[in-house]
Amino acid sequence: MRQIGVVESFKEVGKIKWFGGFNNQTGQINDYGFVECQEKGDIWVHRTEIYCSESHLKEGTLVKFELRIYGNGYRASNLHLLNLIKEEDSDIAIPHR
């Protein structure tokens, strides 16, 4: 897939839908997963774009990432864990509850 460009200049917030795990069809561990993003649906993420321990990427874990267009879909890049208590990133748009 060829990168076309950045969709948003701010980071997105989402939660891990699933990451990694054993793929019975290939006989290998997956090196990708998906992040649930409220407005954009499921976003594909590759291991090379993750900046935390993969062991932390359990279902439901909150993450922040940059959203990029790849082909006809989206891809997450620069993915980090999100800690709402300690978050200091001024370009994160966290919806009010």
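Since the model is a prediction, treat every value here as computed from it, not as a measurement.
- Ring pair Trp44/His46 is tilted by interplanar angle, where 30° to 60° counts as tilted.
- Other residues, nucleotides and ligands contribute over 12 non-hydrogen atoms within 6.0 Å of the CD atom of Glu54.
- Contact record, Glu36 with Lys17: CG-CB, 3.7 Å, taken as the closest heavy-atom pair.
- Atom OG1 of Thr48 is separated from atom CG of Leu79 by 11.0 Å, given to the nearest 0.5 angstrom.
- The residue from Phe65, Tyr70, Tyr32 that alone fulfils the side-chain contact (heavy atoms from CB on, under 4.5 Å) condition with Arg75 is Tyr70.
- Between the Glu49 side chain and the Asn78 main chain, a donor and an acceptor come within less than 3.5 Å of each other.
- Between the CZ atom of Arg68 and the CD1 atom of Ile43 there is a distance of 13.0 Å, given to the nearest 0.5 Å.
- Using a 4.5 Å heavy-atom cutoff, the side chains of Ile16 and Val35 are in contact.
- A distance of 8.5 Å separates CD of Gln28 from CZ of Phe22, quoted to the nearest 0.5 Å.
- When every heavy atom of His56 is checked against every heavy atom of Thr61, the shortest pair comes out as O-OG1, 3.1 Å.
- Note that the CZ atom of Phe19 and the OG atom of Ser55 stand 11.0 Å from one another [nearest 0.5 Å].
- For the atom pair Glu39 CD and Glu12 CD, the distance stands at 6.5 Å (nearest 0.5 Å).
- Atom CG of Leu57 is separated from atom NZ of Lys15 by 15.0 Å, given to the nearest 0.5 angstrom.
- Counting heavy atoms from C-beta outward, Ile69 and Tyr74 have side chains that approach closer than 4.5 Å.
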